[in-house]
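Note sheet for the following structure.
Sequence positions, counted from 1, serve as the residue numbers for this chain. Everything numeric in this text was worked out from a predicted model, so none of it was measured.
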Amino acid sequence: MRYDLVIFDNDGVLVDSEPLSNTILAGYLTELGHPTTYEDSLRDYMGAAVHRVHDLVLERSGKRLPEDFDDVFHARVFAAFERELQPMPGAFEVLEKLTADGIAYWLASSGSHERIRVGHRKTGLDTWFGEDRVFSSQDVGRGKPAPDLFLYAAQRMGVAPERCLVVEDSPLGVQAAIAAGMDVYGFTAMTPGERLSAATRLFSDLRDLPALLTAADIGAGGGREGR
């Protein structure tokens, strides 16, 4: 294979969490006096670690969020996950196919380890991702768009960055993968393709990923691939 490791983002790629978490985030920020629409939240925070919320609010308003912001926000998100969270369509099929084909895959998410675990237990994805397959921005300190998380995952797995493929649905994640020197496939099930235009390739159905990997292997030779 052209790639030795596939690194999945979690939110919006494997679990359908972005609508839930961004609705809650927009509502909570508005409640705290920082008016934020759902669209604002997607634009500014989708794919980012929670420290980005603190940084942008302080930059824009000169005010710090409450000390318990993270705890309250996560409690609301986790409660919504327990009620409503679903896996993304095709998530189980693609993981089953990658496993059958002997293609290694891991997860690298801006979310906390607890957030990942809660979501995976609810959706059944914990069957596919043990603790040894999961990396969080908590492990590196700087979340996306910094490349640290992806580079850490590759280093831990002993794979050169150029042999890694990242699957991402956010512009921040695409930036991080490119900065890490990795190819990145932009997943457009929720995010408009033009926002992920820097990606190596765009696709909209997880079930297409194994065939795309085969096509990439056949067409290996460098350069950005067709969209």
Using the six-membered ring wherever Trp is involved, compare the ring planes of [X] and [Y] and label them parallel, tilted or perpendicular (cut-offs 30° and 60°).
X: Y185; Y: F203; value: perpendicular
X: H74; Y: F78; value: parallel
X: F129; Y: F8; value: perpendicular

Output yes when a side-chain donor or acceptor of [X] lies under 3.5 Å from a complementary backbone atom of [Y], and no otherwise.
X: S137; Y: S110; answer: yes
X: S109; Y: D9; answer: no
X: W106; Y: M157; answer: no
X: D101; Y: I103; answer: no
X: T36; Y: H34; answer: yes
X: T191; Y: T188; answer: no
X: S17; Y: D11; answer: no
X: R64; Y: H54; answer: no
X: S112; Y: R115; answer: yes

Determine the minimum heavy-atom distance between [X] and [Y], stating which atoms define it.
X: I7; Y: A108; answer: CG2-CB, 3.5 Å
X: A80; Y: I24; answer: CB-CD1, 3.6 Å
X: S136; Y: L149; answer: O-CD1, 3.4 Å
X: E131; Y: H113; answer: OE1-ND1, 4.4 Å
X: H51; Y: G143; answer: NE2-N, 3.4 Å
X: T123; Y: G119; answer: OG1-O, 2.9 Å

Inset, instruction - Group every Ile, Leu, Val, Met, Phe, Trp and Tyr by side-chain heavy-atom contacts under 4.5 Å, then state whether L14 and L172 land in the same group. - result: no
Inset, instruction - Indicate if L151 and Y3 have the same hydrophobic cluster label, given that clusters are the connected sets of ILVMFWY residues with side-chain heavy-atom separations under 4.5 angstrom. - result: no
Legend entry - Option from D70, D44, L29 for which side-chain contact (heavy atoms from CB on, under 4.5 Å) with V53 holds: L29
Inset, instruction - Going by the side-chain contact (heavy atoms from CB on, under 4.5 Å) test, name the single residue among E168, R52, Q175 that passes it with K144. - result: E168
Inset, instruction - For R207 and V94, run side-chain contact (heavy atoms from CB on, under 4.5 Å): C-alpha distance rounded to whole Å, both residues' side-chain angles, the deciding distance at 0.1 Å, then the answer. - result: CA-CA 5 Å; R207 287 161 289 211; V94 74; 5.6 Å; no
Inset, instruction - Verify the neighbour count for atom CD of E93: are there more than 12 heavy atoms of other residues, nucleotides or ligands below 6.0 Å? - result: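 Yes, CD of E93 has more than 12 neighbouring heavy atoms, counting only those of other groups under 6.0 Å.
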Flag the pair [X] and [Y] as a salt bridge only when some basic side-chain nitrogen lies within less than 4.0 angstrom of an acidic carboxylate oxygen.
X: R43; Y: D40; value: yes
X: D183; Y: R201; value: no
X: R121; Y: D126; value: no

Inset, instruction - Given side-chain contact (heavy atoms from CB on, under 4.5 Å), test L95 with L125 step by step and report yes or no. - result: CA-CA 9 Å; L95 294 172; L125 283 164; 3.7 Å; yes
Inset, instruction - Please assess L202 against F187 for the test side-chain contact (heavy atoms from CB on, under 4.5 Å), listing each intermediate value before the final yes or no. - result: CA-CA 6 Å; L202 302 179; F187 183 48; over 6 Å; no
Inset, instruction - Quick one: name the residues clustered hydrophobically with Y38, using the 4.5 Å side-chain heavy-atom rule over I, L, V, M, F, W, Y, and just say none if it's on its own. - result: L42, M46, M190
Legend entry - Spacing of D4 atom CG and E162 atom CD [to the nearest 0.5 Å]: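 So the CG of D4 and the CD of E162 are separated by 9.5 Å.
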Inset, instruction - Could you check F150 against F135 for ring-ring contact (aromatic ring centres under 6.0 Å, His included), going step by step and ending with a plain yes or no? - result: CA-CA 9 Å; F150 292 137; F135 299 99; over 10 Å; no
Legend entry - Partner set under side chain to side chain donor-acceptor pair (under 3.5 Å) for S41, not counting sequence neighbours: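 S41: side chain to side chain donor-acceptor pair (under 3.5 Å) contacts with N22.
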Legend entry - Pairs meeting criterion side chain to side chain donor-acceptor pair (under 3.5 Å) with involvement of residues 75-90, two or more places apart: E31-R76
Inset, instruction - Just do the side-chain contact (heavy atoms from CB on, under 4.5 Å) check on H120 and I116 with the steps written out, would you? - result: CA-CA 6 Å; H120 283 197; I116 297 165; 3.8 Å; yes
